[in-house]
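Structure first, commentary second.
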2 protein chains.
Amino acid sequence: MTATYRDIKSDILGKITRGEWTPGSLIPGELELAETYGSARATVNRAMRELAEEGIIERKRKSGSRVRLTPLRQARFDIPVIRREIEEQGRAYRYALVRSEVVEAPEWLRARLALQPGSQVRHLVCLHLADGTPWQHEDRWINLALLPQALAADFSASGPTEWLMSQIPFSAVEISISATAADAALAAHLDCAAGEPLLMTERSTRWNDQMVTYVRLVHRPGHRMTTRY
Amino acid sequence: MTATYRDIKSDILGKITRGEWTPGSLIPGELELAETYGSARATVNRAMRELAEEGIIERKRKSGSRVRLTPLRQARFDIPVIRREIEEQGRAYRYALVRSEVVEAPEWLRARLALQPGSQVRHLVCLHLADGTPWQHEDRWINLALLPQALAADFSASGPTEWLMSQIPFSAVEISISATAADAALAAHLDCAAGEPLLMTERSTRWNDQMVTYVRLVHRPGHRMTTRY
DNA sequence: CCTGCCTTTTTGTCTGGACTTGAAAATCAT
DNA sequence: ATGATTTTCAAGTCCAGACAAAAAGGCAGG
């Protein structure tokens, strides 16, 4: 008989989707809702809080909660560890190191990572394959000033992503997704025609307010990122 | 003096990022944490629950909570209402209807929306512009069996997205992002060269377990979706 | 009319206690 | 041993009551 916070949540969501409570309209206060559902205010609060987090409603002290006029839609994509992503499809994962060098950071990278002129970076190019066919091309730059261990690390057997996760497991990240055309090198590595449109993910990772690494991941032709909610 | 759930959360997160609690290791139980922080178990619970939601830790009844070995990373992108997105940049939004027709659903659409053969759909092609330059190309298909109102609706002044939101504000959606090459028509509309790589967002919207609409949004050349966390 | 202060309303958070649930572990029966 | 059953433990949820904090609205003084 007693309503759980889930019950309350889905009941309220139902009222909204059925159009009983229209966008912009005021929802009864927590106290009132607690009474109608026969539960404690804390329970109603949790239901409402989660609805607010999901972008369904908007809450403000004193003014109360109202149904959002423009439902704030947000898509959540899981960023998989590539080895996992491939192995979960029942395919064989293979990794190949294409190039490894230590260089002075080029201009564009310095701007992006806010590096001093003359900074040394480790530059790696690798390929991730599923059942032998190219899956993802990784172009990785690591700030050696912050991660001098990267100088000695060996990336011939496993990728820098996994190594980095062991070094700085939790950090602030900026992710950006765009479309790019395959140049000659990419086309060769990803086994596609030059000029082919490819999905690209760029990630800048920060640690203690300093940029640690920048990576440009180019996915195989036809790759799509999908989510539902 | 008393610790809030935020304090607890950031303290625990600190212990993890500083490496005091390493990936895979067991975190003290809620009761123990409540004692060390001098707070109620419910407060600790909230802190831990949120950390779990954010993919930092993993919780299991009986076994306890542990730091995730592979931090589950997830990117959250806001799906903006395009008019807003443009106006918030201080640019003038303009909408143009390129094509509007009522047709029998083509094969590929029937498969995607699970439609009966012979189903009628409203097909719209529109363009969203910022300061007069093309911003996004919208190719929209609406299931008339579910939304007969779409037959009479007038889309010459404002886009179908806004109209749809007023009709079915909250619904289940599948979003998918990929890269595509501009064909002749797209190139003309988006004012770019044919073959140019473009970011494409596809959305299928469901309501009461029936597919209502499918839309293919192609962004202007160079567009990027960005998020940080 | 405007400005700053106070009151009131509503959400936000916390407490300390309780019961529920899921799953691992231990026990028991075959 | 092996499979079924019970125990036990940690997280999950709930409650009733309390205080905190933001913000809208009203009031008073200039």
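Keep in mind that the numbers below use all heavy atoms, side chains included, and drop hydrogens, waters and symmetry copies. Lettering follows sequence order; numbering is per chain, from 1.
For A/Asn45 and C/dG12, the shortest distance from a side-chain N or O to OP1 or OP2 is below 4.0 Å. Side-chain nitrogen and oxygen atoms of B/Arg61 include none within less than 4.0 Å of the OP1 or OP2 phosphate oxygen of C/dA24. A sub-4.0 Å separation between OP1 or OP2 of C/dG12 and a side-chain N or O of A/Arg49 is absent. In this model, the phosphate group of D/dC14 is approached by a side-chain N or O of A/Thr4 to a distance below 4.0 Å at OP1 or OP2.
Taking the six-membered ring for Trp and the full ring otherwise, the centers of B/Trp135 and B/His128 sit at least 6.0 Å from each other.
If you measure from atom CG of B/Leu33 to atom P of C/dT15, you get 13 Å, rounded to the nearest angstrom. Atom CZ in A/Arg66 sits roughly 11 Å away from atom P in D/dA24 (whole-Å rounding). C/dT13 atom P lies 10 Å from atom NZ of B/Lys9, rounded to whole Å. Atom pair B/Leu26:CG and D/dC9:P shows a separation of 15 Å (rounding to whole Å applied). D/dA11 atom P lies 9 Å from atom CG of B/Leu31, rounded to whole Å. Rounded to an integer number of Å, the gap from CD of A/Glu32 to P of C/dT9 is 14 Å. The distance from atom CD of A/Glu50 to atom C1' of C/dG12 is 15 Å, rounded to the nearest whole Å. Here C/dT10 presents its C1' atom at 8 Å from NZ of A/Lys62, a figure rounded to the nearest Å.
The existence of a salt bridge linking A/Glu174 and A/Arg112 is excluded, since no basic side-chain nitrogen approaches an acidic carboxylate oxygen closer than 4.0 Å.
As judged by a 4.0 angstrom heavy-atom cut-off over every strand, B/Arg41 is placed among the base-contacting residues.
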Run the side chain to side chain donor-acceptor pair (under 3.5 Å) check on A/Ser119 and A/Arg110 step by step: do they pass?
-> CA-CA 8 Å; A/Ser119 300; A/Arg110 285 220 313 276; over 6 Å; no

Mind running salt bridge (Lys or Arg N to Asp or Glu O under 4.0 Å) on A/Arg216 and A/Glu138 for me, showing each step along the way?
-> CA-CA 6 Å; A/Arg216 184 179 300 196; A/Glu138 174 170 357; over 6 Å; no

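Checking C/dT8, C/dT13, C/dA18 against the side-chain heavy atoms of B/Arg6 singles out C/dT13 as nearest. In this structure, of C/dG12, D/dA11, C/dT15, it is D/dA11 that holds the atom nearest to the side chain of B/Ser65. The side chain of A/Tyr5 sits closest to D/dT13 out of C/dG12, D/dA24, D/dT13. Here C/dT11 is the nucleotide among D/dA11, C/dT11, D/dC14 with the atom lying nearest to any side-chain atom of A/Glu30.
If you find the closest nucleotide of DNA chain C to B/Lys60 and to B/Thr43, the one lying nearer the 5' end belongs to B/Thr43. Map A/Ser63 and A/Ala40 each onto its nearest nucleotide of DNA chain D; the residue landing nearer the 5' end is A/Ala40.
Within 6.0 Å of CD in B/Glu35 there are 12 or fewer heavy atoms belonging to other residues, nucleotides or ligands.
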